[in-house]
Every structure is written in structure tokens, then in C-alpha cells.
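What follows is one structure encoded as C-alpha cells, with my remarks underneath.
Here is how names work: the chains are called A, B, and so on, in the same order as the sequence lines, proteins then strands, and each is numbered from 1.
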Amino acid sequence: MLAYCLRRLALALVTIWSISVLTFIIIQLPPGDFADAYIAQLSSSGSTVSLDEVASLREMYGLGQPMHVQYFKWLSRMVVGDFGYSMEWRRPVVDVIGDRLWLTLAISVAALIVTWGLALPIGIYSAVRQYSAGDYLFTLVGFIGLAVPNFLLALILMYLGYTMFGLSVGGLFSPEFEQAPWSWAKFLDLLTHMILPTIVLATAGTAYLIRIMRANLLDELRMPYVVTARAKGLPEWRVIMKYPVRVALNPFASSVGYIFPHIVSGSIIISLVLALPTVGPLLLRALVAQDMFLAGTIVLLLGVLTVIGTFVSDLLLMWIDPRIRFQIH
Amino acid sequence: MSVTVLTAEERISHATQLQLTWWRFRKHKVALVSGVIILLFYLVVVLADFLATSDPHATDARRSFIPPQAIHLFDDGKFRPHVYGLKGIRDPRTFRLRYAPDPERKLPIRFLGRGYDYNLLGLIPTNIHLFSVEDAGPVDGIFLLGTDQLGRDLWSRLIVATRISLSIGLAGVGVSLVLGVLLGGISGLYGGTVDTIIQRLIELLRSVPTIPLWMGLAASLPADWSVLQVYFAITLIISLIGWTDLARVVRGRFMALRTEDFILAAELAGASRGRIIFRHMLPSFFSHIIAATSLALPAMIISETSLSFLGLGLRPPAISWGILLQDAQSVQSLALAPWLLCSAVPVIVAILAFNFLGDGLRDAADPYG
């Protein structure tokens, strides 16, 4: 058991390391280095930089040294939480990202929970009542959920909200709460604003999970043990819920690993459409302005978050499914 | 020629694998319809300029935000398709110029009329279009789906965008296919350490949130690259992530086939490794690859559309579905010109059709089951 956990942990660390290499490459891709950009930035606003200052910058970031030296300097600063300096905002990257990372995470986790909450009952219903009108309806809705890209769904819902209810949906806070300190009222305001983005983010994953749940449960329902349970006179509800559903539940645990990265990805795009104060719009602006430390940090943090999600899903899977536990022993 | 009618059973035992697959596929009606829709889409790809009604790049400030026009088929009880001319009206409140149909002026639609110059199939210079109307005034024309802010005809732009969006999907799938078959094949054939490494690589790629990575890579493309260079770079970026599913399918098939009796027989008969792979193994799961490919295409289309929508993918003057949807990004522009949302329809239809087709192909891929 412990060995299994350690192996998974090792894989997670390797993944994080590879993401850090990719991030570093992305930071390095634009022409010129950080110091050049810094000088350009300062001189465009009229101030000058002394040569000493530039030299100390170059020394600090290891500019001009071989790539692997620069990478290790960058990585070691990252590890202690110094993510660098945002050129565009003229503030440390940590300050710029601030709450936005947690809001991104909140929306993504909420979307995952909605995904589970919808997919589980619908999946069971579709399998138990196979080929019923409801099953066909959910299959159709599921296909549309799979086919319509996140941002399109957000656009369409936003347009409908605007024309039919005159709402301007967007943002995560009402104007009066935007700058206010955290309070219960602000939290409730956040919740009401989160409904639309959460639904938009959850559709694709829900559609996918329903299909998997339905297929798995259908396979299980044909098993002889289900017939036995029925023959023994167990109530239908127990026959279905006690064993087949439990066996078919696996994809739910693993969905943290498979669907969570998609949800995080999707949140980036729909944040732009719905003007949510998550890291999405920040990342796009940073990339367009080539504010590479900010962009790199966001890519890296999102990557690390999803890797943690995958790791959690592995542990969950082991906890839910005794077959995995026994295999390890 | 024999005149004896074969019984159903005999027909099945005489049929080739291709025939069996086709029979199975034919039963899946939705997949069949989807197949036809996709063929029509690619017909549009081939004949894009012929189907367009006006130059998709031509801007004209006087044509800004014209609403979609209705086609009237009959005139005085006779079949004479026409559209109404337009007249400008000042909105008394906002003072914005709006266009409304003017039933007094009927503009007849000419089939195979002349329009802007283009090369048919990229080879034959011509100016004949499927349909057009006589240009009498600055705002006289046929605007099936209306115009955008710069006065460009949305129908023509949508048709031309289809060409880029669908071909980038194909090209991306092509690259993914090469990577997927190669790495999946190696993984499935050799097993052992190589297999473990490739499987870990796939797991790694799947656990990374793709859009931020794509955004990072796409944003670092030099700004002075030509449309064609950006096109190829975007294709490459998309397919670098997309190959993992294909690799899984190929690996699974190789694993399953390795232990089959007919492979053992071929080995015992002294067939070389290459002959076994290409002559015996590949044909028996070729249909699975086709099915996996058609299931991979929608993801490619969504990726390109999303990237272009963000302004990080293809850049104007290139026209793709994502670029068209960029115009529909804000509620303000949608409230002003809701027809801009039309660009979403082909995206959704194409993705659905590819999904259904892929499902049908996957079912038909194993006709003996």
C-alpha cells in the first residue's frame, strides 16, 4: 500500500518537474531576456536604469549563463515562493495573482462537484431504464454537452440571459462587493455569481461521466450476482445500489484526474467570456504583453494544482475500490 | 452469372470484411446521416469560393451590420427567387443607421452569375459563383447571414472559414496519427521498459491542463510570421497533445493481437517482423484506427477554435471559425448583431457529426462481434 502511494507520489513529482521545464521553455521563448524587457519597460515610461542595476539583475537571474544554470536559479527561487516580478503590473507576481488563484480553484472544484452530483443519478437512471424516453433525452443532452465547446455555451447562455431576462451576467461579484472585505454577504454574492460558470464548466464532464457510468452499470447489471440478489428477494433499490453501483463508481474517483485538468483548462477560456476575476484573463494579458514571469507562474501553478488533483484521485480510487488495494498486497 | 439467390447466411459467409463493416455501419442511421453531413462539409471545403457570394475580405463601411436577408422564392406566383433591396433608416432614438428590407426593389438571384475573381480548386481562374445578385448600389447584394461591423458578408466568411477550420483539424489529426501509431505501436509491440516509459509519458500529458500550455506556446509564435507559418505551427501545437488517445487505441490493439493464433501461425511460417505487422496485424485493426481518428477530430476543431477565439491561434486576415466567433465575444456586439452567433452553428454541427460518425465507425470496426 505504502509502496503504491510512494510510486504515485514519485510520478506526481516527475510530472510537476516536467511542467516546470515546459514552463521555463515558455518563459524563454520570446526574444530577448528579462533584463532587456525590464530596461525597455522602464525607458518607455521615461525613467532610466543604471548599468549597475542591470548588472545586478543579470546576476540575480543568471542571465547570459548556460540554460541549465538559469533553469536551476529560476527553480530554486520558485521553490521558496519567489515567483519573480511582473513587468506589466510592476509588482511581484504573487501580489498580482493573489486571490485569483483561489477563485479559479473554487470554480473548478465546484464544477467537479456539480459534475458528480448530476452524473451519478442520471447515469444510474439511464442504465436502469435503458432505452426509455428519459434515457434517450439524457443521451441527446449529453451529446450536445460534449459537442458544444465551453466558451460557446457561455456565449449562448450569456446572450439568452441578456435578451430574455435583461441580465448582464459576468464577473464573480456585484459592483458593491468588488472591493469590499470578505463577509457573509459577499460570500453569498459570490455563490450566486458562480452558478452560471459552474454549470458551463460542468456540462462536458457530466456528459462524459454519464456515458461511462451508464456503460459500466449496464455491464454490471448483466452479472449473475445481480440475478442472485433479485432471486433472493432483495428490494430492487438495494439490488442496484448495494453492489453494481458501487463497482461502477470507479470512474467517479478517477474523474478527478481525467476531468479536473479539462475543467481547469475550460475555466481559463470561460473566464474571458464571462469576465471572471480568475487567473484566465490575467494569463491571456500576460501572454499577449509577453510578461513571461507572470504567465509562466500561472501555467506552473495550474499544472501543480491538477497534478495534486490527479494524486488525490489515485488515493480515492484506492480507498473506494478494494480490488486495487488487494492487487497491491 | 449465377441466378441462384443467396440466403442471408450464405451472403454473410461470402462477404468480405469491407462489406461486413459497411453492412454493420449502414444499420447505424445517425452515423450514416453524420457521414453525409461531413461529406457535405468537405464539399464546402473544396468549393468554398464558388459557394461564397462576395469577397470575404472586402470591407465596406456602408455595409456595416446588415441583418440577414430572407430569400423570396416566388414573385407573382412564378418561381423567380429574389431578395429585397435595402434602405437605410436612422433610428430616431440612437441615431444609428439601420438597414431594413425595401419590398419595392426586388433583386433577382442569378445562378452561376459572376462575382469576385478566384481560382477554382486553386487552379482554374474564374469569377463564376453558385449564386449572386446584380450589384446596383453600394448596399445591394445578397447577405444570407448578414454582415459584420466592417461590412463583410458573414455567409461568405463562414464558407471560407470552414475550409481553414476543417483542414487544420485534418492536418492536426494527420500528425497525431503518425505519432500515435508510431509510439502506440512501439509500446504495444515491445512492451517492457519502453512500454512503461511511453505509458508514463501519456499519463503525464493527460494530467497537464492543456489550454494554458497551448496558450503559452501559441503566444510565443513570432508576430511577423505569415498566415501559413502560423497555421502549421498551430497544427503542430494542437497535435502534440492530441496523439495520446490514438496511441492508447493502437497499443491496446497490438497487445490484443500479439497473442492471436494467426499471428503465431505467421511467425511459425517464418514471416518477417515487418511482414507480420504490415500484412497481418495492421489490416485487422485498420478500421479501429479510422474510428479513433474520426473521434479525435472534434477535439482538434475545438482546440483551434478556442485558440483563435482567444486571439492566440490563427490571426486575421486568416478566417477560421474561432476568428469569426471572436467578433461575437461580448454581449454588447451580440445585442447589436445577434446574427454573428451564426458562426457557432457549423462548429456544433461538425463536432456532433464527427462524434456520431466515430461512434458508428467504432461499432462497425469489428463486424464479427
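Counting heavy atoms from C-beta outward, B/I351 and A/P149 have side chains that approach closer than 4.5 Å.
Highest contact tally toward chain B, considering only A/L272, A/L284, A/L283, is held by A/L284 [criterion: heavy-atom pairs under 4.5 Å]. Comparing A/I269, A/V148, A/V299 by how many heavy-atom pairs each has under 4.5 Å with chain B, the most go to A/I269. Note: B/A344 leads B/A344, B/G311, B/A350 in heavy-atom pairs under 4.5 Å with chain A. Put simply, of B/V349, B/L352, B/V347, B/I301, the one with the most heavy-atom pairs under 4.5 Å next to chain A is B/L352. Ranking A/A295, A/G309, A/G266, A/S18 against chain B, the residue ahead of the rest is A/S18, based on heavy-atom pairs under 4.5 Å. Note: A/L11 leads A/V264, A/V304, A/L22, A/L11 in heavy-atom pairs under 4.5 Å with chain B. Of the listed residues (A/I19, A/I298, A/N150, A/L302), the one with the most heavy-atom contacts under 4.5 Å to chain B is A/L302.
Enclosure of atom CH2 in A/W102 is not indicated, since only 12 or fewer non-hydrogen atoms of other residues, nucleotides or ligands lie within 6.0 angstrom. Around the CH2 atom of B/W339, the shell of radius 6.0 Å holds more than 12 heavy atoms that belong to other residues, nucleotides or ligands. Within 6.0 Å of OH in B/Y231 there are more than 12 heavy atoms belonging to other residues, nucleotides or ligands. The number of heavy atoms from other shown groups lying within 6.0 Å of CZ (B/F232) does not exceed 12.
For the side-chain hydrogen bond (donor to acceptor under 3.5 Å, both in side chains) test, residues two or more places apart in sequence or in another chain that qualify with A/W17 are A/Y71. For B/T196, the side chain to side chain contact (heavy atoms under 4.5 Å, CB included) partners at least two apart in sequence or on another chain are B/R200.
To the nearest 0.5 Å, the span separating OG on B/S306 from CD1 on A/I268 amounts to 12.0 Å.
Neither the backbone nor the side chain of B/F354 comes within contact range of chain A; no heavy atom of the residue lies under 4.5 Å from a heavy atom of that chain. The contact between B/L310 and chain A is made by backbone and side chain atoms together, counting heavy-atom distances below 4.5 Å.
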Worksheet item: Does the side chain to side chain contact (heavy atoms under 4.5 Å, CB included) test come out yes or no for B/F309 and A/L152, once each step is laid out?
Response: CA-CA 10 Å; B/F309 177 75; A/L152 257 183; over 6 Å; no
